[in-house]
Number of protein chains: 2
Amino acid sequence: MARLTLERVAELAGVSRSTASRVINGQDGVRPEIRKRVLDVVELTGFVPHAAARTLAGQRSRILGLAIRQTTAQVFSDPYFAALVQGVSRACNDRDQTLSLFLFESTHDHDLLPSRLLRTKLVDGLVITATYADDPLLWQLTEAGVPLVVVGEVSNPDIPTVDADNHGGAALAAEHLLSLGRQRIGTVTGPMRSGAAATRFRAFERALAAAGQPLQPDLVVEADFTDDAAHDAAKRLLARGPDAIFAFSDRMALGVLRALGEAGLSVPDDVALVGFDDLPPARLARPPLTTIRQEVEQAGTEAVALLLERIQDPSAPARRVELPTSLVVRESSVPRRAQEVSA
Amino acid sequence: MARLTLERVAELAGVSRSTASRVINGQDGVRPEIRKRVLDVVELTGFVPHAAARTLAGQRSRILGLAIRQTTAQVFSDPYFAALVQGVSRACNDRDQTLSLFLFESTHDHDLLPSRLLRTKLVDGLVITATYADDPLLWQLTEAGVPLVVVGEVSNPDIPTVDADNHGGAALAAEHLLSLGRQRIGTVTGPMRSGAAATRFRAFERALAAAGQPLQPDLVVEADFTDDAAHDAAKRLLARGPDAIFAFSDRMALGVLRALGEAGLSVPDDVALVGFDDLPPARLARPPLTTIRQEVEQAGTEAVALLLERIQDPSAPARRVELPTSLVVRESSVPRRAQEVSA
DNA sequence: CAAGTTTCTGGGACCGCTCCCAGGCGCACA
DNA sequence: TGTGCGCCTGGGAGCGGTCCCAGAAACTTG
């Protein structure tokens, strides 16, 4: 059986390749009657254009890459990335793009990204996340002329980004803990070279200071967004007797929670706890976690939209989208007197 | 600047396109001296062959698809899939393949899979998971002649699969709970049309029966692998007073744990709990979860290996790889008397 | 009704690579 | 030294589309 090609479809419809191509790509300038004839044949045969041929001839692959740097082997199991992937995937499906996922370890697969995905012209553009604000990779990529969108913060103003309102979110957390009357408010931060962590930190610090209750340096510990690191960091922190902790992600909050449990401290009675993200684990934790909600999945779809814009017009100024954050109060931070109220 | 193409590389090396191609593809039959000349030019220029052109000419895209059906919006956040993706991704990187991720909702994106990924010849083959044993999609795909590997169980013997030893794992769980002296052993199963769930159930049932302590029908409740469903199912189950529960996944065990907590029951004192998977959440749960360990990430890499075999020789008999399972005992099922031992 | 437009349609030239085939060259053998 | 054979190498023909351009057809307009 001869392969089904555009040529064959054209033949069956009694038109030329060019005309068939126009119809299939929805270009106008084809008489309705002829258009219908072609569409009928397409319908009948189930013709679908060959991806590679299209790419080769048309210079566009309709494949978008999603690159995630794996700091540790477990990073991808972070529900944050799961949600992000979900959003990106949905957007790709909706906008007729194919998603290519690229998980790389900085050390090992580093050059695979440029060579495998980019210089081969496999992808039209890249959504990239889990990078640091001044990641050299980003410069490398922009210089290579790859359409790029970063989910998170970057220092290079020519790169479009989509990010949560980290500033507002952290401020909400601070105000909330203050409103509970907590006096010794501590924090388990992410790595400070991460833009998100740095921003949350500054905002948190500022909000506490504004309330006349500045953040005490000894109540600040740094972790790396994993629960294990947060657990260890929290153990150090607990020695300084905080009565409230703001963890920079839910996943880290879970680690903190574990440390609190091991120390025999009750939440929120002894220590109030607030996380960041509002992903499923927050709700499932015992006690359920108060957290700063951000729209991770939406960030994914938004990133795809930005990337498509970028691909179409690479010279347009880089847009930056900021997604809202909000406070979700659960049991891990209810006021002390209301503590006996159950879920 | 003229684009860097194979032609140009050949020119720079003073050889023909064909020879350059041979060198780049590692074929032999090229004089070492000439080979070196070409490789030097490649090194110097950083040439990488154009993916689409290769695909078009060579009939192989070097792209593997990973398709995951999304039963609920949250499925992908299941750490099981996270681990699987991780494994598949790593294997693709190692074996010079690109990974295309396709998350689809049965209802909405169903036909996107065949048309977007397959008929366009975008992918050389497909790893597919989260399907049911007799999923019509699988027949459809095999009939379309797409090289296919399923992670899980399928009824069609012509499809290669990689799967955990569900039978052995479930038996381990049963024996373990029996060894604790539990009398009223219940189970929260996955959906029975899932092959894994069915197998685990049969094995669990059989192992209990073999010990002269058959599974009581009223102590069996079915859920759908999500924690919420497991939580609800467990609430029903608890009314029948079980003293041990085997949940068919860690994620479900977490839901059960929540239900137990809400019912004021202690684990493992009142009810011993065993999960399945041994993914990170199991260790992080309070108390840490006894579980049946399976090598999810390895399943991913194995699937890629099988798929590559399949692509190379589609007519070879379908291999089935079974990965070992093992019992990991943690606090959720320690013997009653040892309960006071802390972590 | 001729000439000038505008609208459609068809053909050719690629896109960059792989693969097949033919020819050149060197060597062994007779 | 002539012939045969094997090893390398180069050229040509696609792979299946897109895009540009020219020419045909249909429609204006004076």
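Note: hydrogens, waters and symmetry copies are ignored here, and every other heavy atom, side chains too, is used. Naming: A, B, ... by sequence-line order, numbering from 1 per chain.
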- Message: Expressed as a whole number of angstroms, how long is the span from B/Arg62:CZ to C/dG16:C1'?
- Response: 13 Å

- Message: Output the rounded distance in Å from CZ (B/Arg60) to P (D/dC15).
- Response: 19 Å

- Query: In terms of side-chain geometry, is the basic nitrogen of A/Arg8 or A/Glu11 positioned less than 4.0 Å from the acidic oxygen of its partner?
  - Reply: yes

- Item | Nearest-angstrom distance from the residue atom CZ of B/Arg54 to C1' of D/dC15 | 15 Å

- Task: Would you please confirm or rule out a distance under 4.0 Å between OP1 or OP2 of C/dC15 and any side-chain N or O of B/Thr5?
- Result: no

- Message: Using a strict threshold of under 4.0 Å (side-chain N to carboxylate O), is an ion pair present between B/Arg69 and B/Asp135?
- Response: yes

- Query: Which of these, B/Asp124, B/Val146, B/Val123, sits in a side chain to side chain contact (heavy atoms under 4.5 Å, CB included) with B/Ile311?
  - Reply: B/Asp124

- Item | Nucleotide of C/dA13, C/dG16, D/dT9 approaching A/Arg17 most closely (side-chain heavy atoms) | C/dA13

- Side chain of A/Asp158, backbone of A/Ala318: donor and acceptor closer than 3.5 Å? no

- Whichever of A/Leu56 and B/Gly14 has the more 5' nearest nucleotide on DNA chain D, that residue is B/Gly14

- Could you give the NE2-to-C1' distance, from B/His50 to D/dG16, as a whole number of Å? 13 Å

- Rounded to the nearest angstrom, tell me the gap between atom CZ in A/Arg22 and atom C1' in D/dT18. 10 Å

- Note on the structure: Nearest-nucleotide check on DNA chain D, B/Gly58 vs A/Arg31; residue mapping nearer the 5' end is B/Gly58

- Query: D/dG11 phosphate, OP1 or OP2: any side-chain N/O from B/Ser16 under 4.0 angstrom?
  - Reply: no

- Message: Please report the distance, rounded to the nearest Å, between CD in B/Glu11 and C1' in D/dG11.
- Response: 16 Å

- Please state whether the phosphate of C/dT9, meaning OP1 or OP2, lies under 4.0 angstrom from any side-chain nitrogen or oxygen of A/Thr19. no

- If each of A/Val30 and A/Ala57 is mapped to the nucleotide of DNA chain C with the nearest heavy atom, which maps nearer the 5' terminus, i.e. the 5' end? A/Val30

- Which part of the nucleic acid, if any, lies within contact of B/Ser18, taking any heavy atom under 4.0 Å across all strands shown: a base, the sugar-phosphate backbone alone, or nothing? base

- Any B/Trp139 side-chain heavy atom under 4.5 Å of B/Asn156 side chain: yes

- Task: Identify which nucleotide among C/dG10, C/dC17, D/dG17 has an atom closest to any side-chain atom of B/Ala53, counting heavy atoms from C-beta outward.
- Result: C/dC17

- Query: How close or far is atom P of C/dC8 from atom CZ of A/Arg37, stated in whole angstroms?
  - Reply: 15 Å

- Interatomic distance where CG belongs to B/Asp28 and P belongs to D/dG6 [whole Å]: 17 Å

- Side chain of A/Arg3: nearest nucleotide among C/dG10, D/dG16, C/dT9? D/dG16

